[in-house]
2 protein chains.
Amino acid sequence: MRDVATMAGVGIATVSRVVNGKPGVTPDLAEKVTRAAELLGYRHDMTASSLRRADRRTHTLGLILEDAANPFSAALHRAVEDTAAERGVLVLAGSTDEDPVRERGLVRTFTARRVDGLIVVPTGRTDTDLDAARGAGTPVVCVDRPTSVREVDTVTVDNRAGVRAAVGRLHAAGHRRIAFLGDLPTIWTAEERHAGFVEGLAETGSVLHPALVRRAVHGVEAAQEATRELLALPRPPTALVSGQNLVTVGVRKTLQDLRRQHDVALIGFDDLPFADLLDPGISVIAQDPVAIGREAATLLFDRVDGDPGPARHRVLTTRYLARGSGELPGPGGV
Amino acid sequence: MRDVATMAGVGIATVSRVVNGKPGVTPDLAEKVTRAAELLGYRHDMTASSLRRADRRTHTLGLILEDAANPFSAALHRAVEDTAAERGVLVLAGSTDEDPVRERGLVRTFTARRVDGLIVVPTGRTDTDLDAARGAGTPVVCVDRPTSVREVDTVTVDNRAGVRAAVGRLHAAGHRRIAFLGDLPTIWTAEERHAGFVEGLAETGSVLHPALVRRAVHGVEAAQEATRELLALPRPPTALVSGQNLVTVGVRKTLQDLRRQHDVALIGFDDLPFADLLDPGISVIAQDPVAIGREAATLLFDRVDGDPGPARHRVLTTRYLARGSGELPGPGGV
DNA sequence: CCGAGGTCTGGAAACGTTTCGCCGAAACGT
DNA sequence: ACGTTTCGGCGAAACGTTTCCAGACCTCGG
C-alpha cells in the first residue's frame, strides 16, 4: 500500500480513501491510484482493515450446526449465507455432531476470530459459553432449540402444534391406535414432539397406550426394529407418527418389508427429499429451514447493528404436507 | 493484553508467549499471567495475531460450492470441514449457483481475507481469477470439474467410465434401445457423462439413435417432459440413463405416472438420499463426496505447507449401486 | 574470583490498514 | 486586499498481536 502511494505520488491516506471508495478525492488522483494498484498487483487486506477500523467489524459470522452434511442444516446454512451475502458478510460454519465439547470449541474459535455474530444450534440446554460470548460483545442467536440463557434471541419451530395437528388428522381419519416413535429425549425437539403427541391424543379424547409410545429411537436401524415390534403387538397400531427424519425412513422401510405401507398410516416429522416419489408418498410435518435461517440471520444483524432490546423469541409454524401415507383411513373412520 | 501484562506484573512479550503456549517461561509466571487473563476476561485476537505472525497463516480456508444446500455440496463441505478441523482450520463457504460473476466475487473476497487456500467447484472452464489468486500466493484446488489453468490441482471423478459401465450393464441385460438425458452441455460433468454414454454404446457395438439422446435437460420438470416425449416415440427406449440428480427424479416421476417403473430400466448419475425406499430402488452411478472433499483438502494442505511440485490431478472412480431399476431386463436379453 | 554461556524477560519495532490532526491553497465575502 | 471558510491531501499514530534484540540474572568451569 505504501508502494502504491509512492508510485502514484500520493499519500498513503489517499490510497486508503480510494480503496474504500470514500468521497473527497479528486478523480484524476483516484485514477492514478487505481492504476498504480493495478500495476503493482495490490490486494486489499481485510484482516488488517478490520483490525484498525472504527467499528471493528470483521464482516464474518459464525454458524454452528449439528452436521453440515444433513439436509436440514444445509438448507439452513444456505439461507443464512444468502441473507448474510446481502450485507457483504461471509459465513464460517462448523459441525458439532451434538457434542457439547465441540460446540464449546467452536464458540471459542469463532469469538477468537472476532466474528460479528454467532448463529448456533445448541447441543445442550445449558450453555455457559454462549453467555460468555454474548458477554464479550458477540451477539448470539439460537436456532431450532432454545437455551438456558434467557437473554439470547431464538428461532424455533412449534413442534408441539405440528404433531398435535397430525394426531388430530389421524384421529379424524378414524385411527384409534396411534403409535409414536421419538428420538433421544435429551434432544429438546424430540421432547416437544412427544409432548405434542400426548397433547394431540388428549385433545381428541383418545387414550394413551403406553405400549405404543417408543422413545429414544435413534437412527434408521433402531426405527426399523421398533416398528417391527410395534406391528407385532397383539393389538398393533393402525397409524404411526415418527418424530424424526431417519426414524421416518426406518419406519417406512419396515412397513415396506412387511408390505403394509398402504395399510398402516404414517406421518413423519421433517421433510424428506423426494418423498413424493414413493407410493404412497410420505406425509410429513415440515419445517421451513430457509425461513428459519433467514429469520435467524435477520435477528442477528439487528443485534450487530446495535439493537439493545430484550431477547426476541420467534416461533415459526410447521406445515403439513399431505402425500398419501398420512391419509390412509383407520378402522374407526369413514 | 497490555492490561494483562501490567496486572500480572510481566512484560507484554511474556503474555504473548504464555498465550501461545511457547516454551521458555517460568511456570509461576505463566500461572500469574493466565490468572490475570482469566480475571480480566482477556480473549486472544486471532486476526491481529495472524497479521503479525511470521507465517501469515489465517487458519481459514475458502470453499466455493455450487449450492451449499444441495446434498452433494453439503457432504463435500462436511468432509472438507473435518479434514480442516484436524489442523485447526476453519472453512468459509459460499455458493455460486453456477454464476461466474458470483464465483469471481467469492474468489476476490476470500483472497482479500487472506484465506490459506481455496477449494473451488468452478463454474466455467476458463478462470482467470483463480489463476490470479494462485499467482498472489493462495493455493487453489479445483473439485468436481477441471479448469483451464493447468497448474492447479484438481480432484475429479471419472464420469465417463461410470456411465460407460452403466451402458454396458444395460446392454448385457438385453437393452438395445437406451436413451440418455443429460444436463446443460456447458457443465463439464454433463459433457463427460454424455461422452461416456456414447463410448459405452460404441464399446458394446450398439448403434447410437440420435432421437434417444436428450441434452440440455435441466431440472425436474424438463426431465419429466423429456421422458414423456421419449416414451411416446414410435420405437421408445427400453432403458434410460440420466446424467444428473434432479433429472433422475423427473424421469422416475414420469415413469411412475405412466406406471412403467417396473418396465423401463433406469440408471441415474449421482446418488439420491433414500433411493432404496422406492420400488424398484433407483440404481445409480454414485460418487463419493466425502472422499472427494477429503482428497481436495489434503491436496490443498500440501500446498499450504509449501509443496511446490507440479499440479496433481486426482481422478476418483464411481461406484455402481444396484437397487433394481437398473437391473430390469431388456427385450434382447435373457 | 571471574568470565563465558545459557535461560528468562522486557521494550520496541513491525504487520497493513484506518483515522486523527494539521496544513496549504483555493474560493469566497466584505 | 484581507480574513475566513472549505477542501483535498499528507504524515503519524493507533489497532492487538508477534518477533527481534538486548539486557539481567544465574550457573558453572577454569
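Note that this is a predicted model, so its numbers are computed, not measured. Below, read A as the first sequence line, B as the second, and so on, with proteins coming before strands; counting in each chain starts at 1.
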Legend entry - Under 3.5 Å: donor-acceptor pair, side chain of Glu151(B), backbone of Pro310(B): no
Inset, instruction - Answer with yes or no whether the side chains of Thr123(A) and Glu103(A) bring together a donor and an acceptor at under 3.5 Å. - result: yes
Legend entry - NZ/NE/NH1/NH2 to OD/OE distance under 4.0 Å, Asp153(A) and Arg134(A): no
Legend entry - Pair assignment for dA25(C), Watson-Crick or G-U wobble, requiring both distances under 3.5 Å: dT6(D)
Inset, instruction - Run the salt-bridge test on Arg312(B) and Asp302(B) with the 4.0 Å N-O cut-off and return the result as yes or no. - result: yes
Legend entry - Phosphate OP1/OP2 of dT19(D) contacted by Lys22(B) side-chain N/O (<4.0 Å): yes
Inset, instruction - To the nearest Å, give me how far apart CG (Asn20(B)) and P (dC20(D)) are. - result: 13 Å
Legend entry - Salt bridge flag under 4.0 Å for residues Asp28(B) and Lys32(B): no
Inset, instruction - Indicate yes or no for a side-chain donor-acceptor contact from Asp116(B) to the backbone of Leu61(B) under 3.5 Å, with no hydrogens or angles considered. - result: no
Legend entry - Rounded distance in Å - CG (Asp28(A)) to C1' (dG8(D)): 11 Å
Inset, instruction - Would you mind building the protein contact string for nucleotides 10-16 of chain D? One character per nucleotide, 5' to 3', B for base within reach (heavy atoms under 4.0 Å), S for sugar-phosphate only, - for untouched. - result: BB-BBBB
Legend entry - Lys32(B) NZ to dC8(C) C1', straight-line distance once rounded to whole Å: 13 Å
Inset, instruction - Have a look at Ala54(A) and say if it touches a base, only the backbone sugar-phosphate, or nothing, with a 4.0 Å heavy-atom cut-off. - result: sugar-phosphate
